[in-house]
Participant: 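Okay, handing you the structure first.
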Amino acid sequence: WNLDLSAAFIVPLQICEVAVRNGVAEAIEKVHGATWPWSNGFLRSLPRPKRQFDYNPDADLRAVAARQPTTGKVVAELKLAFWEKIFTAGQDGRIWNAHFGASFPGAPADDAVSVSRAKAHNDLRTIRILRNRIAHHEPIFARNIAADYAMVRELIEWRSPTAAAWVDKKQSVLGLIPNKP
């Protein structure tokens, strides 16, 4: 059951990651231009890790941008953790206050940008951990699978309600829940 469930999550997780990274990249480009991976202004705005071994978005972006020739290639190569880190409060004034709604038009219109951005940050962290557990062949059967799927689907919907509807038709996660041993 765990194997089937893990396999079923791959498509929704893939669409979620692509949707989120495209939304974030679109917002960054509006502020820092089409060559944002090489923009010193953007690089200086990235959050700095508190500890030496924590993920460092600046170091990751610099390493990827040094070996990739285009912004599109950089976007495809960056880790999910990079996109998660862009949803920090430090980017509200730089990126999110002006561009969250355009990049994530399916997000709740009544919520303040800071609330939606914080929810995206927290949910993306949870989704990244789920994805990593699946990728490392670890068990996910003790998780609330329906809630995990809903979280993945919601972020997809924030970027594209059409993509979320497509994922609903394509996914098999929810059908596997009743098969839990």
Side-chain angles (χ1 to χ4, degrees), residues 1-31 36 57 71-89 91-92 94-136 138-180:
W1 184 72
N2 189 74
L3 179 65
D4 289 341
L5 200 56
S6 294
F9 256 115
I10 294 299
V11 170
L13 288 169
Q14 178 184 24
I15 300 303
C16 181
E17 184 169 352
V18 170
V20 167
R21 78 179 189 205
N22 288 348
V24 174
E26 177 182 287
I28 295 169
E29 184 172 331
K30 287 178 181 173
V31 175
W36 59 264
T71 299
K73 296 278 189 185
V74 171
V75 167
E77 289 287 321
L78 287 167
K79 295 174 177 64
L80 184 55
F82 177 86
W83 307 111
E84 173 192 332
K85 296 298 182 188
I86 304 302
F87 285 105
T88 56
Q91 297 294 348
D92 282 354
R94 292 179 187 99
I95 296 173
W96 296 125
N97 290 339
H99 304 291
F100 192 89
S103 289
F104 296 96
D110 295 339
D111 287 352
V113 168
S114 61
V115 171
S116 293
R117 188 261 320 135
K119 180 171 178 15
H121 180 265
N122 293 335
D123 289 356
L124 205 52
R125 181 178 185 277
T126 301
I127 290 166
R128 180 177 53 79
I129 291 168
L130 169 64
R131 189 204 62 178
N132 289 351
R133 289 191 68 83
I134 291 169
H136 293 282
E138 297 174 9
I140 63 168
F141 52 76
R143 298 178 62 95
N144 182 337
I145 300 303
D148 285 337
Y149 177 76
M151 189 180 305
V152 168
R153 190 210 180 276
E154 182 179 43
L155 278 182
I156 296 168
E157 185 173 36
W158 282 16
R159 176 67 177 156
S160 170
T162 302
W166 179 85
V167 167
D168 281 341
K169 292 176 190 168
K170 190 78 174 156
Q171 67 86 24
S172 58
V173 172
L174 298 178
L176 290 170
I177 292 173
N179 299 342
K180 184 175 184 175

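Numbering of residues begins at 1 and proceeds along the displayed sequence.
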Participant: Do Glu84 and Leu80 come close enough that some side-chain heavy atom pair is under 4.5 Å?
Facilitator: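 Result no, sub-4.5 Å side-chain heavy-atom pair not found.
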Participant: Applying side-chain contact (heavy atoms from CB on, under 4.5 Å), can you list everything that pairs with Ala150, at least two apart in sequence or on another chain?
Facilitator: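 In terms of side-chain contact (heavy atoms from CB on, under 4.5 Å), with neighbours along the sequence ignored, Ala150 is linked to no residue.
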Participant: What side-chain donor-acceptor pairs closer than 3.5 Å can you find for residues 162-177, not counting sequence neighbours?
Facilitator:
from	atom 1	to	atom 2	distance (Å)
Asp168	OD1	Tyr149	OH	2.8
Asp168	OD1	Arg153	NE	2.9
Asp168	OD2	Arg153	NE	2.7
Asp168	OD2	Arg153	NH2	2.9
Gln171	OE1	Val173	N	2.7
Gln171	OE1	Leu174	N	3.0

Participant: Looking at residues at least two apart in the chain, or sitting in another chain, which of them share a side-chain contact (heavy atoms from CB on, under 4.5 Å) with Val74?
Facilitator: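 In terms of side-chain contact (heavy atoms from CB on, under 4.5 Å), with neighbours along the sequence ignored, Val74 is linked to Pro37, Trp38, Leu61, Val64, Ala65, Gln68, Leu78.
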Participant: Can you find a pair of side-chain heavy atoms, one from Phe100 and one from Asp92, that are under 4.5 Å apart?
Facilitator: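 No, their side chains stay 4.5 Å or more apart.
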Participant: Considering residues at least two apart in sequence or located in another chain, which fulfil the side chain to side chain donor-acceptor pair (under 3.5 Å) criterion with Arg94?
Facilitator: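 Listed in chain order: nothing, the list is empty.
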Participant: Mind checking the CD1-CD1 spacing from Ile129 to Ile134? Nearest 0.5 Å is all I need.
Facilitator: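 Going from the CD1 atom of Ile129 to the CD1 atom of Ile134 covers 12.5 Å.
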Participant: Of all the heavy-atom pairs spanning Trp96 and Arg117, show the shortest one and how long it is.
Facilitator: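 Closest approach of Trp96 to Arg117, heavy atoms only: CD1-CG, 3.5 Å.
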Participant: Got a donor-acceptor contact below 3.5 angstrom from the Lys180 side chain to the Trp1 backbone?
Facilitator: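 Checking the backbone N and O of Trp1 against the side chain of Lys180, no donor-acceptor pair under 3.5 Å is found.
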Participant: By salt bridge (charged side-chain N to carboxylate O under 4.0 Å, His left out), which residues pair with Glu29, not counting sequence neighbours?
Facilitator: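 By the salt bridge (charged side-chain N to carboxylate O under 4.0 Å, His left out) rule, Glu29 matches no residue at all.
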Participant: Between Arg143 and Thr126, is there a side-chain heavy-atom distance shorter than 4.5 Å?
Facilitator: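 Thr126 reaches Arg143 side chain to side chain.
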Participant: Can you measure from CG (Asp123) to CG (Asp148) and round to the nearest 0.5 angstrom?
Facilitator: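 Here the rounded value is 10.0 Å.
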Participant: With sequence neighbours excluded, what pairs up with Glu138 under the side chain to side chain donor-acceptor pair (under 3.5 Å) test?
Facilitator: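 So Glu138 forms a side chain to side chain donor-acceptor pair (under 3.5 Å) with Arg133.
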Participant: Output all residues satisfying ring-ring contact (aromatic ring centres under 6.0 Å, His included) with Trp36, sequence neighbours left out; order by chain, then residue number.
Facilitator: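 By the ring-ring contact (aromatic ring centres under 6.0 Å, His included) rule, Trp36 matches Phe42.
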Participant: If you look only at distance, which donor and acceptor atoms sit under 3.5 Å apart when one is on a side chain in residues 14-27 and the other is two or more places apart or in another chain?
Facilitator:
from	atom 1	to	atom 2	distance (Å)
Glu17	OE1	Arg131	NH1	2.8
Asn22	ND2	Val18	O	3.4
Glu26	OE1	Arg159	NH1	3.4
Glu26	OE1	Arg159	NH2	3.3
Glu26	OE2	Ser103	OG	3.3
Glu26	OE2	Arg159	NH1	3.4

Participant: Do you know which two heavy atoms are closest between Ile28 and Ile95, and how far apart they sit?
Facilitator: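 Shortest heavy-atom contact: CG1-CD1, 3.8 Å.
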Participant: So do the side chains of Arg125 and Asn122 get within less than 4.5 Å of each other, counting heavy atoms only?
Facilitator: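 No, side chains not in contact.
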Participant: Should we count NZ of Lys73 as having more than 12 external heavy atoms under 6.0 Å?
Facilitator: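 Atom NZ in Lys73 is not packed in, count stays at 12 or less.
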Participant: Which donor-acceptor pairs under 3.5 Å do the side chains of residues 104-115 make with protein atoms, sequence neighbours left out?
Facilitator:
none

Participant: Which heavy-atom pair separates Val152 from Pro12 by the least distance, and what is that distance?
Facilitator: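 Residues Val152 and Pro12, closest heavy atoms: CG1-O, 3.4 Å.
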